[in-house]
Each structure stands twice: as C-alpha cells, then as structure tokens.
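Presented below is the structure to which this report refers.
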Amino acid sequence: MQRYDSAIDMTGSDRDEDELPEHTKEPTVAGPIGPHMHHKRPLSPVAASSSSGPPSRSASPHSVHSPHSAIHSTDSPPNSAGHHDNTTSPHDLGAPLDLSLLSLPPVAVIPTRLSPEALHDLHEQLSAANADLVTTFPSDGQTADIHRARFFLGQINTPKRAAFELRKLGVHTEEVEAGTSREAVWQDDGLITVVKVEWWEKCLEKDGVQSINPYIVYVGRLTEGPPGGDGKKRALPSAEELVKEREMKRRRILERAQGDAGGSDSRVKVIPGKPWTKPNTTTSVDEEFGVKRPKLMRKTTSEYEREKGLANQVQPRYVREQLKLAVHRPHPLHCPNDAFINVLKTIKLSRTLQLDDIGIRAYSTAISAIQAYPYELLSSSTLLTLPGCDGKTSALFYEWYNSSPDDVSQRKIQAVEEIEQSEEYRVMKEFYQIWGVGAKTAREFYLDKGWRSLDDVIEFGWNQLSRVQQIGLKFYDEINFIPIPRPEVARIGALVGKVADELRPGYEYIITGGYRRGKEQSGDVDMVLCHRDEEQTRGGFLTMLVTRLEEEGWVTHTLYLGRGGGFGTQRVGEPPRSHGLAHGEGAEELEKAMVMWQEQDPASPFYKEEGGRNVSPHRRVDIILSPPSCVGTAVLGWTGGTTYERDLRRWVEKRWGWKFDSGGVWERGSGRRVELGEWAEGEDLVQCERRVIEGLGLEYFKPELRNTG
DNA sequence: CGGCAATTGT
DNA sequence: CGTAT
DNA sequence: GCCG
C-alpha cells in the first residue's frame, strides 16, 4: 500500500481556517498530504475582538444599499453617534455630512477579494465622505503615496492576512503587542490599522460613523522594508522555525548532493534588482544591431583577424547547406560554445516565464544550431551564417564576446545580468521549478498572490495547491538540486524492468531521455517498457506494476498514472482529435506513469541511512508502457531533446504530410496509421527506433547526437 | 505577414 | 493548464 | 526571433 511520511516537514499553515478556500482533494492513489494544522498563534486582543465582530461578510460594499443617499443627506445634525472611543469623533463642526471621515488619517483600501466594481464604489464613497483617500489598484497594488496611508479598509479576517496584504502593498509592519492604548493608535504616526469593510458598510447603513473597535483586524507598527530592497514586497519573518528547518534540510541535501554526484548549488544569489520585464522598448542593442541590417554589422579589426582562420575551417554540412531542422544535423552533448549557449538559455527561460512561446521557439532554434556547431565561435559574423541565428543572436554574441575577449568566464550581457538580478525572474523561476507549476502558475503566484518565496507558498498557499504541487514542494530540493548519477539511473531502470518481468515474463525496457543522450547526470529517469505480446501491454499492467512498486516501497508517490486504470475497461482507439478523423486499425495509446521513487535496498550503493532511517534521495521516474506496434516511435519520441522532437514533427509534416507522435505515425488526410515502429522479430528496441528514423527519410543520428539543448 | 510540435489527463 | 520528449 |  501507499506509504506516507508521518508529517510533511515543510509546513507553516497556522493560519485561520476561513482564510482560504478549502483545497479540493483528489480521491486518488495517494491521500492528501499536508502540513499539520497548527493553531498555535496566540490571538492578540485586537485580533480577538475582530473575530468576535459582526458575523456578516457576504455583502460587498456596493451592494449594501444606496451609498450616496447616505452620504449626501444633509438634513440631520452632525454625526456624534455613540462613540466609546475618541478615534473618529467628528470634531470638525462644520462638516456638512453625516458621514464625514475628515478626522481619519489617510485611508487606503486593500483590493484583495474585492471586485473591481466594489473597489470602485468604495473609493467613490470614501472620497465623497471626505476621506483622505490613497487609491490602490488590484493589478499591482503599488501607488506612490501608499506609505501615507495609516488606515486600511479591506475584506480581511485575520491579523496574519492583514500583515501579508499590507506587505503586498509595500507597507511593512509588525503586529503591535496587546495592550497598546487605543488612544495611541491615532496619535502615533507609525501605527497602521486594518479594519474590515463591514465597518464602512455599517456606517452607511446607520448613516453615521460607527465605532471601529469591533471591526479592527490588525494594528501594526511600520518597520523597515526589506534590507537592500526598494522598500516594497518582501517576505515577513514569519513561521521562522519552519523556515529554519527547511534551510537545514536544504543544506543537508546539498552536502549530500555534492558527495553523491559532484552537483553544485546552481541557485542564483539573491541580489535585489529592478524589474526585469520591460515595456516594449527597443534596446540600444536592438537598434544598433537590428535585424534589418545585420549583414552590415561592422567587423572590428580583431574580429577580422580572428576570422582569417575561418577560411581554413571546413564548415559543417548543415551550415553549408543551411539545414534548419535539428533532425538533419548532429548535436553533441557538449560543444565549444556551451558558455554562450547558457546565456541564451537564460533568455529563453525568461521568455518562458513571460509566456512568450514564440520567443521560446526562437531561442530554442538558435541554441540547437549553435549546439551543432563544432568550432569555438570567435566572431559575431560567423554566427550570422548559422541557420536559425540572425541579427539578434549575433548582436548578443558580439556584446558577450567583447565584454571580456580574453576570459570566457567573465563574459556577460547587460540585459541578461538584469534578468538574473531581477526579483521577478528569480522568484518566478523558483516557483517554476516546483513540479506541477508551469510558467502560468508561477506568474500567478508572483503577480496575483504576491508570494515571494517558497515559504510564502507554503505558508499562505498550501491549501490552494494541487496534490502534485504539494508533492513537488515536498521534494523540491531533491528534485531540483540532487541530480541522478548515471549508474543510479541504470539501477532504477533495471529494477523496474525486473519487477515487471517478475509480474509477467517477457518485458524489455530501454532508458530514454537525457540518460540515453549521454548525460552524466539526469534530472529524472525516463524509460519505455514493452512486451512482444501486445496483450501484456494492456489491461492495466502499468497500474499493476506501479502498485507492486508501491508495495515494495520503491514508489513513494504517484504524480500521474494514465490509461488502463481499470482492468480491461480501456478501449483505445480515439483518433487524434485535432483532425477529427478516426484512427485506422490498431490505434495505439501509450500508458504512462509518473512517480516519486526511493531506493529501498540497504545493500544498494545508492541507499543512504541516517539514524536507522532511509534518507535516500527521492527520484522522479517516468515509465512509459508501449505496445509492440509502436515501440519504435515511443523510443524515438521519448529520447528527445525537445527541439529535436519539434523539428521531427515539422519534418514529418512537411516531407510526408504525416503526423508524428510517440504512439505512432498517421496520415493527416485519412487519419490512417502509417506502419512504422512495429517491433520486428529478432530486433532490439534501438534497431526498431532506427527503422522509424530511416523510414521517415532521415539520417540516423545516435541519441548522443540529439542534444538540442 | 503567417507560422512556429504534438499528445493526453484533470 | 499541467506534464513529457 | 527567424524563415519563407
């Protein structure tokens, strides 16, 4: 059965239950994992009074009732209704309105949870009541004079949330201890009060300023902003023990990682920086080296000198013939221009985080072309000769090379430095590395939720995460920072193969992915499992296999288990929907399992124990179960790299009008299956893949030459 | 100026 | 919108 | 961002 750790060690959810919608738990293989729900935060008297305040929180401000009539009615005497405190007493005798907020300190509204309409109405009502209003906007919450505001209205229920929302607005506070005198609050300019919107609704309802006491959620004292930062947006020192524990765990992991694999912590140092996303302004680089006239770029004397040697170099075929698709050229794992490629990869990642699919495609193309280039690039004009590289790439190279002609390790590009220093990039990247969080979600975490660290995600968002995201966070460091050495990848593959074979004899497997392309270390293990008897690849065998691996402890969590969930219930044969045509006979679907894995054998060299406890690093393992009829395409499709795969599909479409996928090749017009990739008698999986490649009219490049970056 | 790989599961 | 290559 |  599924095993669970007794507790997740990254917690932090001691917030009140009503703060966030309950996460919808999936009734799946693994039960909900989650932090222990602590309720240890002592409620301050201020907080306590808020929680005993009026119950209603349903009405939005604008829906209460005609606000303007309340504000503009002038026929009743100046408001002096029931005040037990001096906080809002309208000493301005000349105030013509019942509802005058003249005596309030500068007011701002916390936009969170308020509809745009509600927010708008609230602003109008408050300014109609002569409040000294500091406007806020839900988009970014930033306003120049937000720091003037001392009184915040918001749909906020807990002090913790209040402090968090203030921080999002750039207002850094710490909660004021119980017993601060009420009188002090208005006098002391360093104090911030957060009051529920209900207070204002009540004022409107009663046509007069009401006591704020029952509605106060939070009183905080202004503190210094983040050290070194620009004074906005920075994590509170919250849930400190948990953060510290995480740190310790991370350090342990990294120490072990170095021991294991010689891996190093590649995380960028935290340097506060300016925003990295710029408006659509053309950079000076663009103007100087714009794509319009790249060929006119002046060569410096030194570039010219360096290039003289070029004439003697035999240019590779893909350059001579301008072969633009990665399937037509060899891409070794390492190449002479890896340092420059890494710069391009940073830009590509920033495009990913900006949801710029086209930028991703463009940089991928350039990267793979350079990866295929066998000589060290010495001049930007050489780059112009590579397919997929043009003015922009060339300009980037020019800046990069000349920033330090004599020391490769010192070369840099200003725009890339700025990307790497920007908080937005660093934080979104950190989120993006959570398994189950893509670019869209990473942006949402950063821009909409206002989170700035994994600890924020854990503390404020844990219950909003999907189950796989929770698992992704739980194993964040292991997944991202402890690479899997080749021998361990081989060991995992062999073990899966062995267990499969024990269940039913006759299975064969091949490890695909980066391992097969020759990587010394892998981020995960990908493998294609196959049986010559098609029946053995159906009927839920993969579920059976994963279940067995769970029982034996190897599989600790199942992130995804597709197809064949029910025994024999699966009738494959839906055509690729994009073309609305039926598959021909023998339509195939690949079953896939994505799991977390942990070494269980104490005798294994990859097993690690501490205090009698198995602390072997968890590994990501993908198992693809293929019928014999398409195992060739499965192996080809799961070996990659990404750009190779994309270009493979483009080639198949362009050359043959077929559609390629890992489950087979199809005629686009008729939807009929093209018989390629069937596992032939006496043939191994590598030979089978080769027949597919050659059947598609392509030169066979071994996997080690498909490293398209 | 249009196109940029392609699939499935939740 | 997430995942894989 | 590059290509046809």
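Values below: every heavy atom of this structure, side chains too, minus hydrogens, waters and symmetry copies. Quick note on labels: first sequence line is chain A, next is B, and so on, each numbered from 1. From a predicted model like this one, the values you see are computed outputs, not experimental measurements.
Remark: of the listed residues A/Arg329, A/Arg655, A/Arg361, A/Arg361 is the sole one forming a salt bridge (charged side-chain N to carboxylate O under 4.0 Å, His left out) with A/Asp647.
Side-chain atoms of A/Arg620 lie closest to C/dA4 of the nucleotides B/dT7, C/dA4, D/dG1. When each of D/dC2, B/dA5, C/dA4 is scored by its nearest atom to the side-chain atoms of A/Lys392, the top-ranked nucleotide is D/dC2. Minimum atom distance to the side chain of A/Tyr560 is reached by B/dG9, of the listed C/dT3, B/dG9, D/dG1. Listed candidates were B/dG9, B/dA6, C/dA4. Nearest to the side chain of A/Arg649 is B/dA6. For A/Ala362, the listed nucleotide lying nearest its side chain is D/dG1; candidates were C/dT3, C/dT5, D/dG1. Comparing atom distances between the A/Lys324 side chain and each of B/dG9, C/dT3, D/dG4 picks out D/dG4 as nearest. Here the side chain of A/Lys659 is nearest to one of C/dT3, B/dC4, B/dT7, namely B/dT7. Here the side chain of A/Trp638 is nearest to one of C/dT5, C/dT3, B/dA6, namely C/dT5.
In this structure, A/Lys654 does not reach the B/dA5 phosphate: none of its side-chain N or O atoms is under 4.0 Å from OP1 or OP2. One finds a side-chain N or O of A/Trp435 lying less than 4.0 angstrom from the OP1 or OP2 phosphate oxygen of C/dA4. Contact check, A/Arg361 against B/dC4: no side-chain N or O comes under 4.0 Å of OP1 or OP2. Listed pair A/Thr393 / D/dC2 meets the phosphate criterion, a side-chain N or O lying under 4.0 Å from OP1 or OP2. The side chain of A/Thr441 contributes an N or O atom lying less than 4.0 Å from OP1 or OP2 of C/dG2.
The CZ atom of A/Arg443 sits 15 Å away from the C1' atom of C/dC1 (whole-angstrom rounding). A/Glu689 places its CD atom 12 Å from the C1' atom of C/dT5, with the value rounded to the nearest Å. One interatomic measurement links the two molecules: CZ of A/Arg650 to C1' of B/dT7, which rounds to 18 Å at whole-angstrom precision. At whole-Å resolution of the value, CD in A/Gln322 and C1' in D/dG4 are 13 Å apart. If you take CG of A/Asp661 and P of B/dA5, they are 15 Å apart, rounded to a whole angstrom. In this entry the distance linking CG of A/Leu353 with P of C/dG2 reads 12 Å, nearest Å. A/Arg646 places its CZ atom 13 Å from the C1' atom of D/dC2, with the value rounded to the nearest Å. The distance from atom CG of A/Asn707 to atom C1' of C/dT5 is 13 Å, rounded to the nearest whole Å.
Annotation: B/dA5 and C/dA4 have their C1' atoms spaced 13 Å apart (nearest Å). Here, B/dT7 and C/dC1 have their C1' atoms 14 Å apart, quoted to the whole Å.
Using a 4.0 Å heavy-atom criterion, one finds that A/Thr639 contacts the sugar-phosphate atoms exclusively. Heavy atoms of A/Val652 sit nowhere under 4.0 angstrom from any nucleic acid atom. Contact annotation for A/Arg517: backbone-only contact, meaning every heavy-atom pair under 4.0 Å involves sugar-phosphate atoms and none involves a base. Among the heavy atoms of the strands, none lies under 4.0 Å from A/Asp357. No engagement by A/Asp647 is indicated, since no non-hydrogen atom pair under 4.0 Å with the nucleic acid exists. As judged by a 4.0 angstrom heavy-atom cut-off over every strand, A/Gly388 is placed among residues touching the sugar-phosphate backbone only. Contacts of A/Phe660 with the nucleic acid, taken as non-hydrogen atoms under 4.0 Å apart, involve only primed sugar atoms and P, OP1 or OP2.
A cation-pi arrangement is present between A/Arg411 and A/Trp400 under the rule of less than 6.0 angstrom and at most 45 degrees off the ring axis. With A/Trp666 as the aromatic partner, A/Arg672 does not meet the cation-pi criteria of under 6.0 angstrom to the ring centre and within 45 degrees of the ring axis.
If you check C/dT3 for Watson-Crick or wobble pairing at under 3.5 angstrom, you find it has no partner at all.
Between A/Val327 and A/Tyr644, some side-chain heavy-atom pair lies under the 4.5 Å cut-off.
Between the A/Asn342 side chain and the A/Ala339 main chain, no donor and acceptor come within less than 3.5 Å of each other.
A/His618 and A/Glu478 are linked by a side-chain donor-acceptor pair at a separation below 3.5 angstrom, with hydrogens and angles left out of the test. For the residue pair A/Gln315 / A/Thr385, no side-chain donor-acceptor distance below 3.5 Å is found, with atom types taken as modelled.
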